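Below is one structure, written out as structure tokens; comments come after it.
Because only heavy atoms are used, hydrogens play no part in the values below, and waters and symmetry mates are left out as well, while side chains stay in. Just so you know, these numbers come straight off a predicted model, no measurement behind them.
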Amino acid sequence: MRQHRAWRQTRRIGTAVATTGMLLAGGGIASATAATAVPHSAKPHSSSVTITFWDDNGGPRTPIYMHLIPMFEKENPGIKVKYVGIPDPSVLEKYDTAIAGGDPPDIGAIPGGDLAAIVAQSALVPLNKLYQSSPLNGKLLPTLLTATAASSSNDKTLWALPFSGVPSTLWCNMVLFRAKHLTCPTTWNAFFTDAKALTNSSKGQYGLTMRGAGGSTNQLTDEMVSYAGLTSYFTKNGKSTFDSPRAVDFIKRFAAIEGVDTPNDVDNGYLQMVAEFDSKKIGMMLHNLGSYASNVSALGGASNVVGLTEPQGPYNKPGVLNMVAPGLDTYGIFKASKNQAADWKFEEFLLSAQANGYWNQQVGQLPGNSDVLKQAWVAKQQPIKSMLAALANPKTVVVPAPNYLPQLGTIVTNMDTLWQEVLTKQITPQQWCSTYASQLTSAEYLWTHGHR
Amino acid sequence: MSLGSRALAVIEPVPLAPHDRGAERHGRARRRRKALAPYAMLTPLVLLILGFVAYPVLNVVYYSFQNYNVVEPFLNGFAGWSNYSTMFRHDPLFWTSLEFTAKWVFAEVFLQLVFGLVLALILNSAFRGRGIARALVFAPWAVSGVLTTTIWLLIYDPQAGLIGYLSDLGLTPHGFTILADTHTVFWAAILAELWRGLPFFAIILLADLQSIPSELIEAANCDGANAWTRFRYIVAPHLRDAVILSTLLRCVWEFNNVDLLYTLTNGGPGTETTTLPLYIARQAITEHNFGYGSALTMAGFVILLVFSIAYLKFSKFGASRGYAP
């Protein structure tokens with residue numbers, strides 16, 4: 001089951017590895033002096049209170065929370081949790097509307113990419129002090145914690161806490177690969193060769209399913225960074241690197257296989273793309289860890305699915321992998337809540353090893369709580385192991401995304417539309433890259449010149 | 001004493017008895033209440049109109065002169081005419097979306113009217129199973145836009161839908177996605193909306209057809225009029241006002257159509273099927289640019305207002321019944 005939402009916009013940030021990150025101290029953030037506000041009421045109300053919780057991917061994740069919430073309510077008889085599942089594609093719109101109307105939830109799951117936009121509206125409570133004095137202190141993966149703080153502020157304020165990381169993943173249908181005596185590719189050149197080799201359009205079989213509609217830009221960005229060997233979104237003087245010749249080269253090569261080594265994928269959103277891959281007629285899919293469960297289920301077992309990091313680019317030295325930092329999923333408490341102590345109690349529960357382990361096991365993503373990495377299921381999931389190994393590799397270059405830019409979500413949404421125009425040959429790959437780079441450069445300029 | 005003084009003396013008011021003064025006061029109060037009653041009865045309506053029409057419109061006017069973007073709060077403030085200047089001079093998507101909207105409205109209303117009229121004429125005639133036929137024709141009207149989209153997405157699905165079967169028969173290329181092709185997406189969307197909108201015309205026109213006095217038709221038959229002559233001289237003039245009103249309503253609704261296009265194509269591929277309201281929704285909701293979105297909304301509002309007034313005036317709506325504007 002894949003969390004398309006987490007994909008959207010910015011994610012990646014932070015992270016230099018889950019495993020090595022665990023060895024680092026996260027105390028710097030936890031003790032940030034900037035975040036001194038403490039939710040009112042130190043203890044939960046003595047009488048029963050009801051808090052409203054928004055899930056940022058209602059539907060696919062609803063059963064997980066339907067399992068966790070009763071557990072929490074049993075442990076905390078004075079607190080009732082009202083669950084509201086928000087459709088994944090419209091999470092930020094729903095938060096914006098609720099904040100503007102003065103009626104946001106008490107606590108909510110917030111995709112890392114949307115965090116900056118919500119923080120910009122002064123809607124969240126800083127959590128540094130609460131985290132510092134909580135049993136959770138030191139348990140959350142420091143790299144994800146750093147990434148969360150960097151998503152929305154430049155002073156280490158934790159406006160939310162991370163519960164999951166979602167690195168970009170190349171999924172291979174091993175039934176088709178084995179039939180052609182191929183292995184899941186680890187270089188981009190092999191990727192393009194395999195995509196062609198696996199395609200037999202007369203039988204409706206294709207090497208790749210591509211994302212053409214909503215969410216495509218986030219995916220493309222990961223691929224472009226990996227292929228072009230980019231080490232940053234910006235040069236030192238704040239100019240975006242996304243219009244470099246290497247980046248344009250990737251977009252050209254990738255767009256050229258649409259409709260050739262892929263079905264007609266121009267209007268593929270997340271659901272259509274995963275549905276195509278799960279039809280067993282597609283060799284590869286570029287997505288993130290979140291679709292692991294559905295892939296295994298649809299393709300007939302874990303032995304038929306392999307999930308690897310994005311391939312190595314042709315411009316890289318051997319063994320060097322550039323990857324955008326994993327996307328984030330976070331929990332935040334809203335300033336307007338009248339039951340912030342109860343909210344925090346619930347957040348602590350959700351981030352505990354037990355609840356966080358259950359959540360990430362169901363979804364198949366990197367857990368936020370480092371204790372979860374000791375749980376048996378982690379070792380059994382090949383894609384997670386692969387991600388952890390890549391992140392731990394000293395040759396891996398983890399490229400943080402500028403999630404702190406509040407305009408980033410808008411920019412990638414605009415670029416989604418323009419990507420369709422590339423695929424339908426209304427604009428060129430060069431134009432797409434130039435527009436993307438120009439918009440990022442403008443947003444970065446505003447940010448670095450104090451417009452926050 | 002002059003005559004004038006006598007006359008004045010005559011009309012000098014005679015003091016009323018106490019019970020007469022009470023009746024007078026009572027009468028005045030009753031007349032005042034009677035005079036105020038219409039205003040009192042209109043007040044709730046006026047308040048509702050002010051609250052639900054005037055306030056939102058004025059609010060949009062206000063924001064159209066503001067930079068207001070929730071993700072760029074540092075740029076918020078008075079914008080003057082800059083949103084309008086951007087819209088008219090620097091935003092090609094405004095013009096292309098407006099052009100597509102006009103094309104969309106014309107095609108939809110024209111096709112819905114023609115096919116709706118044909119259906120209404122068929123359903124107005126007597127035949128076996130007419131009740132079931134009427135129910136079937138009207139059924140799509142009860143289906144929501146999003147559900148309509150789901151139905152048509154399934155039909156257009158290259159794997160599982162009608163297109164998939166056509167591919168299997170070799171009539172379309174394998175993997176052909178009608179909604180992803182810039183040459184076919186317009187007519188695919190038109191067909192889906194036609195399916196949903198056609199019953200509106202069928203219902204309105206059928207209702208009007210049934211109000212044609214049967215004596216007129218019988219008299220025409222006696223005079224030897226054929227079907228075309230009856231339609232030309234009796235049915236069409238009778239339907240005139242219904243057609244004017246229903247096409248006006250439908251033009252406004254189709255102009256503002258967002259649900260079907262948003263869910264069916266999301267304005268794509270690219271911006272191929274982006275109408276002005278869809279563009280407004282994208283600016284305001286997706287991009288959080290409420291200032292520019294408000295300016296676009298004002299453009300749409302003025303266009304519809306002018307169009308509606310002009311359409312009613314030049315079509316002479318209600319002229320035959322004496323209530324033309």
Legend entry - Most chain B-contacting option - heavy-atom pairs closer than 4.5 Å, from A:N414, A:I99, A:L418, A:N268: A:N414
To the nearest 0.5 Å, tell me how far [X] [atom1] sits from [Y] [atom2].
| X | Y | atom1 | atom2 | value |
| --- | --- | --- | --- | --- |
| A:L446 | B:E72 | CG | CD | 6.0 Å |
| A:Q272 | B:T177 | CD | OG1 | 10.0 Å |
| B:T286 | A:D416 | OG1 | CG | 10.5 Å |
| B:N69 | A:T410 | CG | OG1 | 6.5 Å |
| B:L264 | A:D267 | CG | CG | 9.0 Å |

Inset, instruction - Considering only heavy atoms, give the residues of residues 179-195 of chain B separated from chain A by less than 4.5 Å, sorted numerically, with 'none' for an empty result. - result: B:L179, B:A180, B:T182
Legend entry - Interface residues of residues 77-84 of chain B facing chain A - non-hydrogen atoms under 4.5 Å apart: none
Inset, instruction - Pick one of side chain, backbone, both or neither for B:E287, based on which atoms fall under 4.5 Å of a heavy atom in chain A. - result: both
Legend entry - For the student: nearest non-hydrogen atoms of A:A120 and B:P73, plus distance: O-CG, 4.1 Å
Legend entry - Heavy atoms of other groups near B:Y55 OH, more than 12 under 6.0 Å: no
Legend entry - Heavy atoms of other groups near B:Y262 OH, more than 12 under 6.0 Å: no
Legend entry - Which portion of A:T424 sits near chain B, non-hydrogen atoms under 4.5 angstrom: side chain
